[in-house]
Every structure is written in C-alpha cells, then in structure tokens.
Amino acid sequence: MCRRTTSRSRTGRPRSAEADLAILDATRAALVELGWSKLTMGDVATRAGVAKTTLYRRWANKNELVVDAVAVLFDELELPDLGSLQADIENVVVQFAALLERPETKTALMAVVAESTRDEPLRERIRTSIVDRQKRLVLEGRQRAQERGELPVDREPAAVAATDALIFDVVAGAVVHRALVSAEPVDGDWVKRLSALLLGGLSAAAER
C-alpha cells in the first residue's frame, strides 16, 4: 500500500488534454487582445480557468507557452494525395496561407519570431516545436512523388536531408513573406507560379 502511494506522489496527476487545449486557446486569445508585452502567465491561467501553478508545471515561461500555442495551429496542416506533386504543393500552400490569415496565428507567429531575435533558447524551441515538426509535410510529399516516379530516389541521406530542408525553407519562407511581410494575396496565380518554380528547381537538381 505504501509503495503505491509513493509511486502516485512521484508521478503526480496525469496531464489533462482538455486543460492543455484550454490553456493554448487562452494564450492565443490573450496574445491577440493584449500583445506580447502585456501577456502574462496569470492572465492566461485566469482565461483558461486553471491555477497558475498548473501552467508552470507544463511550461517554464511565457516563451515556451506561446510557441506551443502556435505549434498546435501548424499541426492542422495536412498534405493530401491529389495525384501529382504540383497539386499536393499547391494545396498545402493554400492551407498555409489560410492559416496565416487567422488573427491568432498571425499575431502569435510574428510575436515569437520578433522575440526570438534576442533569445536563442526561444529560437531553438521554434525550430524543434514548429519547423522540425512541419518538415513532415516535405517528407510525405517527396516520398509520394518518388513512388509516382515524379522524383528520383536519392540514396544519400545527407543529400536527402539537405533537399528536404531547402524545400521547406523555400515554401515556408515564400508564403510567410508574401502573407505577413508584403501583405499581398496568396491567390491561385501566385500559388501556381510558386509550385512551378519549386518543381523546376527540383527537376534541375535531379538532372545534375
């Protein structure tokens, strides 16, 4: 009996997925309303209906909390199998652009990117929680294209990793710049031109 009691005390109460979602929703809402500088862990706790200690058991500080609040939005992105690499790319670009149009995404992403310019741990958390997780879309797209015969199979692991990283940088960088920096529409014509440019680059690289 004593052993079981001790085990429970060490392990603690299991995390509640419902509480986590409420906290992340509250974080994005507070960020849109208050901005980065006025956002506090206490305000988020109040909005989410949880104790502030609950937040600190999950996230050490505001930086970690906001990055995770952004990351779950990007996890909504999916790469459908539409029969061709070009169609797959165009679809995910449209999804990405629509996500960036949402006030909570736009505000949160621009806030953490701005803050990360002077905070290396925050930059690293952005890389691991958002960038590295979303590279899954590139991996899925490349594998499907190889299975269809649209892209050759590259058996050099270093070359594969470098190409995947470059594809991600090109797509993410272009869409973020277009939507958030230039503030121009990510319309059908622009999406087609971006995908054509990317596919042209991949074809040229494959012929080397």
Sequence neighbours left out, cut at 3.5 Å: what donor-acceptor pairs do the side chains of residues 23-30 make with other protein atoms?
from	atom 1	to	atom 2	distance (Å)
D25	OD1	R28	NH2	2.3
T27	OG1	I23	O	2.8
R28	NH1	A69	O	2.9

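- Taking the salt bridge (Lys or Arg N to Asp or Glu O under 4.0 Å) definition, one finds that E147 meets it with nothing, sequence neighbours left out.
- The side-chain contact (heavy atoms from CB on, under 4.5 Å) search around T105 returns L73, F74, L99, L100, R102, not counting sequence neighbours.
- Listed by chain and residue number, nothing satisfies the side-chain contact (heavy atoms from CB on, under 4.5 Å) test with Q143 (two or more places apart in sequence, or in another chain).
- Residues satisfying the side-chain contact (heavy atoms from CB on, under 4.5 Å) criterion with A159, sequence neighbours excluded, are D154, E156.
- Residues meeting the salt bridge (Lys or Arg N to Asp or Glu O under 4.0 Å) test with K192, sequence neighbours left out: E90.
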With a 3.5 Å cut-off and sequence neighbours excluded, list the donor-acceptor pairs that the side chains of residues 167-174 form with protein atoms.
none

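- Of the charged side-chain nitrogens involved, at least one lies within less than 4.0 Å of a carboxylate oxygen, so that R58 and D20 count as a salt-bridged pair.
- For E115, the side chain to side chain donor-acceptor pair (under 3.5 Å) partners are W36, R118, not counting sequence neighbours.
- Among residues two or more places apart in sequence or in another chain, the side-chain contact (heavy atoms from CB on, under 4.5 Å) test is passed with T128 by E124, D132.
- Looking at S116, its side chain never comes within 3.5 Å of a backbone N or O of D119 through a donor-acceptor pair.
- Every residue was checked against the salt bridge (Lys or Arg N to Asp or Glu O under 4.0 Å) condition with E140, not counting sequence neighbours, and none meets it.
- Each salt bridge (charged side-chain N to carboxylate O under 4.0 Å, His left out) pair with one or both residues in residues 170-185, not counting sequence neighbours, appears once here: R178-E184.
- Shown here are the salt bridge (Lys or Arg N to Asp or Glu O under 4.0 Å) partners of E101, two or more places apart in sequence or in another chain: there are none.
- Side chains of Q134 and D75: a donor on one and an acceptor on the other come within 3.5 Å.
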